[in-house]
There are 2 protein chains.
Amino acid sequence: MEDSGQQAAETRKVPTHEVTYLRLRDMVLFGVLAPGQPVTIQGLIRDLEAGMTPVREAIRRLTAEGALVLHDNRRVSVPRMTPALLDQLVHVREAVEPKLAELASPHVTPALIARLEEIDEGIEPAIRAADVTTYLRLNHAFHFALYEAAGATVLEDIARSVWLRFGPSLRVILSRYIALGLPDRHAEALAAMKAGDAQALTLAIREDIAQGVDQVRAALADEAL
Amino acid sequence: MEDSGQQAAETRKVPTHEVTYLRLRDMVLFGVLAPGQPVTIQGLIRDLEAGMTPVREAIRRLTAEGALVLHDNRRVSVPRMTPALLDQLVHVREAVEPKLAELASPHVTPALIARLEEIDEGIEPAIRAADVTTYLRLNHAFHFALYEAAGATVLEDIARSVWLRFGPSLRVILSRYIALGLPDRHAEALAAMKAGDAQALTLAIREDIAQGVDQVRAALADEAL
DNA sequence: ACGCGCAAGATTTGATCAAATTATGACGGC
DNA sequence: GCCGTCATAATTTGATCAAATCTTGCGCGT
């Protein structure tokens with residue numbers, strides 16, 4: 001039977017270090033940790049109620065992904081955004097994410113479209129309610145549900161890394177300017193998927209990136225992040 | 001006088017987990033570990049004569065960088081190259097490394113050129129001697145000495161990750177075909193640097209990438225890596 | 001007497017190791 | 001072929017040590 005192993009997978013023990021990694025990763029990704037904020041092993045042991053080894057490993061992984069930085073002091077903190085960093089991130093996003101959209105396009109199924117629409121439906125209410133966390137989670141979910149369909153692990157890894165580096169700053173910015181009416185590029189992306197138009201999908205993602213980046217750039221001109 | 005404490009700092013300052021990481025990283029990068037080869041914590045504790053914690057952390061970091069893969073079994077191994085993977089790596093290399101060369105160009109100093117020439121001088125003898133390890137080390141050193149001059153940490157991180165994913169396969173391929181006379185693109189790159197021509201430098205790097213990739217692609221058509 | 005700076009101790013945090021626990025895969029008996 | 005047992009390896013905890021930061025207070029000069 002092909003699903004004999006399924007309940008085993010359900011019961012399978014996910015290692016603590018994996019869970020700890022995911023929890024810490026989401027804290028960075030969705031702005032629970034502010035730019036520049038120090039991250040201590042001892043603090044995470046308390047906050048996440050985990051052992052020392054899982055916490056250390058989670059920090060190492062996230063450091064390798066650029067989500068955290070090690071100082072000479074051996075201390076760890078959330079990196080701040082700078083104009084030079086932003087330029088690099090823009091370049092990478094423009095190179096990788098439209099490509100992911102393009103690669104995903106042939107694998108878009110009606111089921112995926114349905115799932116993306118479901119995610120997208122939650123976004124506008126979140127904006128109106130000024131619920132930044134929900135907005136960030138759904139926006140992230142929308143993009144990566146699509147990107148995962150590409151089945152391109154390398155590009156996906158890079159995209160995840162870049163989003164991790166954006167997370168903290170984005171949170172700060174949106175907390176200030178969430179009231180702004182952002183025209184939703186997701187609708188364009190969904191329309192392109194329904195039409196099976198890979199080129200239009202790629203373009204929609206490209207515009208979505210440009211829009212997000214412009215916000216960060218504008219905010220960065222005003223204040224340090 | 002002022003650096004009386006430096007020798008103590010030399011030995012003590014760098015944490016074991018950092019050293020362990022660098023050693024394991026080089027083993028992947030320069031093909032000491034073959035594609036598909038299993039990597040065990042216990043084995044590394046013996047081979048690298050390190051404790052468990054440093055080894056675990058090194059593995060986690062390298063896994064995050066794509067240099068190693070975790071299986072459902074909790075086992076770790078060196079990933080194999082596939083055509084789909086290669087396509088992604090090519091796309092990223094072409095997007096990132098010429099950009100690094102372009103950004104580095106304004107910061108190229110005579111001292112850097114001298115260092116690059118010194119590195120490059122060792123390459124041809126290594127090829128003639130069929131010394132694959134030295135060739136790989138010098139080729140890597142040449143590229144990253146240049147890329148570091150760009151001062152673009154994000155792009156550099158990505159480039160390092162991509163090279164890590166190439167390492168094991170490249171070693172296998174070069175062990176077979178090192179006799180081939182490769183026209184050296186490094187000379188072109190050096191000439192462009194001396195002329196201060198950023199565009200020519202970018203082009204030289206682009207061609208160097210294309211050349212390396214073609215080799216891998218050809219080998220991949222013949223056998224599994 | 002007041003304030004400044006430096007140095008010794010206390011405290012916090014990170015690094016490393018060793019031992020106990022748990023999971024996985026293999027071997028052998030049934 | 002299936003199930004239990006055993007060996008190997010990964011996971012996790014706790015203890016211990018080292019490094020860095022913070023605090024305290026003392027001495028010195030003004």
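Here is the naming used below: chain letters follow the sequence lines, and residue numbers restart at 1 for every chain.
- For A:A50 and A:D72, each mapped to the nucleotide of DNA chain D holding its nearest heavy atom, the one lying further toward the 5' end belongs to A:A50.
- Atom pair A:Q42:CD and D:dC22:P shows a separation of 16 Å (rounding to whole Å applied).
- Look at CG on B:L48: it is 14 Å from P on C:dT16, rounded to the nearest Å.
- Take A:A67 and apply the side chain to side chain contact (heavy atoms under 4.5 Å, CB included) test, not counting sequence neighbours, and it matches A:V28, A:L62, A:L164.
- B:R115 forms no cation-pi arrangement with B:F142, by the criterion of a distance under 6.0 Å to the ring centre and an angle within 45° of the ring axis.
- Distance B:L70 CG to D:dT11 C1': 13 Å, rounded to the nearest Å.
- The side chain of B:R74 sits closest to C:dT24 out of D:dT13, C:dT16, C:dT24.
- Separating the NE2 atom of A:H71 from the C1' atom of D:dA19 is a distance of 17 Å, rounded to the nearest angstrom.
- Phosphate proximity of C:dG25 to B:N73: present, with a side-chain N or O under 4.0 Å from OP1 or OP2.
- Two residues are said to be in side-chain contact when any heavy atoms from C-beta on lie closer than 4.5 Å; A:Y147 and A:L103 fail this criterion.
- Contact annotation for B:T53: base contact, defined as any heavy-atom pair under 4.0 Å involving a base atom.
- Contact between A:L85 and A:R80 at its shortest, heavy atoms only, is CD2-O, 3.6 Å.
- Distance B:I45 CD1 to D:dT11 C1': 12 Å, rounded to the nearest Å.
- Residues B:E57 and B:R75 each lie close to DNA chain C; by heavy-atom proximity, the contact nearer the 5' end of the strand is made by B:E57.
- Checking C:dG14, D:dA10, D:dT12 against the side-chain heavy atoms of B:I41 singles out D:dA10 as nearest.
- Closest approach to the A:M52 side chain among D:dT11, C:dT16, D:dA10 is made by C:dT16 (side chain taken as heavy atoms from C-beta onward).
- One finds no side-chain N or O of B:T16 lying less than 4.0 angstrom from the OP1 or OP2 phosphate oxygen of C:dA15.
- Scanning both residues, A:H91 and B:L155, for their nearest heavy atoms gives ND1-CD2, 4.2 Å.
- Using a 4.0 Å heavy-atom distance criterion, A:R56 is classed as a base contact.
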